[in-house]
A.B. asks: 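One structure follows; several queries about it will come next.
As the structure lists them, so they are numbered: ligands from 1, and atoms in each ligand from 1. These values consider heavy atoms only, across backbone and side chains, with no hydrogens, waters or symmetry-generated copies.
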Amino acid sequence: DLMSDLLGFPKKERRLADVLGIDHVLIVSGDCDSQPRVLESMGQLLNKTLAVLLPDGENIIAAMGGTTMAVMAKELTPALAKQRDLLFVPARGGVGELVDIQANAICSEMAKQTGGRHRSLYVPEDISERTYQPLLQEPSIKSVLDLIGQANVVIHSIGEAMTMAQRRNMSAEIIGELQEKQAVAEAFGDFFDESGQVVYKIPRIGLQIPDLTEVPYVFAIAAGQNKAKAIRAYMHNAPQQTWLITDEGAANSLLKGA
Ligand code: G3H
């Protein structure tokens with residue numbers, strides 16, 4: 001509209017935010033599916049945006065894992081920690097991912113890049129509820145879970161359902177169930193179909209999507225034409241205040257159907 005034109009908000013970003021029903025979208029040029037550098041530009045944009053938005057003083061930043069998040073971590077800079085005390089905590093326990101892309105590793109890298117601090121969460125995911133319930137009472141685990149609950153910033157990615165299920169070695173039975181229920185997206189251990197319905201949940205420890213409503217700054221980082229469907233599906237569940245950082249590959253594909 002005229003107002004956003006006057007204020008200089010790029011139209012495409014505004015349109016995509018409206019289509020997805022969230023407050024903020026930032027788009028970098030290119031498509032990370034064919035140009036991996038695009039993810040680095042997204043990381044630089046994330047760093048800049050955090051530097052503008054985050055309040056002075058203490059910030060507790062809960063970060064998720066994944067290959068996208070691993071690139072984001074490398075692009076954060078010490079400028080972010082100017083007048084701020086940054087504490088990075090993994091938003092959830094491990095998910096059977098390779099060590100390098102687990103949330104614990106991402107938090108450690110983010111702390112290293114910015115000069116902030118980090119905490120780790122050591123709770124295996126593939127154990128029964130009966131086994132992990134007492135773990136939650138362990139002081140070293142409980143203190144990290146309390147910090148996660150106090151996070152004022154969450155940074156996460158969105159995955160394609162089948163890619164995530166295979167990468168996390170989910171059983172053939174569950175993969176079959178995901179296919180049958182037409183899962184297209186995964187975030188925070190929840191799998192969604194195209195309409196945004198949760199069709200499967202990995203029972204996990206830590207932050208869940210409903211908790212995001214209380215978090216002032218939520219960043220969803222996902223890009224590439226191949227992720228367009230997953231982004232749209234997850235966004236049915238995203239809190240309003242979400243900032244999506246994406247690329248033209250995903251954005252153009254999302255706007256085409258709109
Ligand atoms: O939950 C989403 C995944 O962590 C995204 O992983 O960035 O490797 O696609 P990815």
A.B. asks: I need the T242 OG1 to M235 CE distance, nearest 0.5 Å.
C.D. replies: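 CE of M235 is found 6.0 Å from OG1 of T242.
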
A.B. asks: Taking all heavy atoms of M110 and all of L76, pick out the closest pair and write down the distance.
C.D. replies: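 Taking M110 first and L76 second, the nearest heavy atoms are CG-CD1, 3.7 Å.
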
A.B. asks: Charged N to carboxylate O under 4.0 angstrom, E40 versus K74?
C.D. replies: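 Not counted as a salt bridge, because no side-chain N and carboxylate O are separated by less than 4.0 Å.
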
A.B. asks: Is the centre of the H156 ring less than 6.0 Å from the centre of the Y234 ring?
C.D. replies: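 That pair passes the under 6.0 Å test.
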
A.B. asks: Quick one, D85 with R117, criterion salt bridge (charged side-chain N to carboxylate O under 4.0 Å, His left out). Give me CA distance, side-chain angles, the key distance, then yes/no.
C.D. replies: CA-CA 8 Å; D85 176 22; R117 294 173 297 133; 3.4 Å; yes

A.B. asks: Who's touching ligand 1 if we go heavy atoms under 4.0 Å?
C.D. replies: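 Its neighbours under 4.0 Å (heavy atoms only) are G65, G66, T67, T68, S157, I158, G159, M164, R167, R168, E186, K227, given by chain and number.
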
A.B. asks: So, D33 side chain and N226 main chain: donor-acceptor pair closer than 3.5 Å or not?
C.D. replies: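 Looks like yes, one N/O pair under 3.5 Å.
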
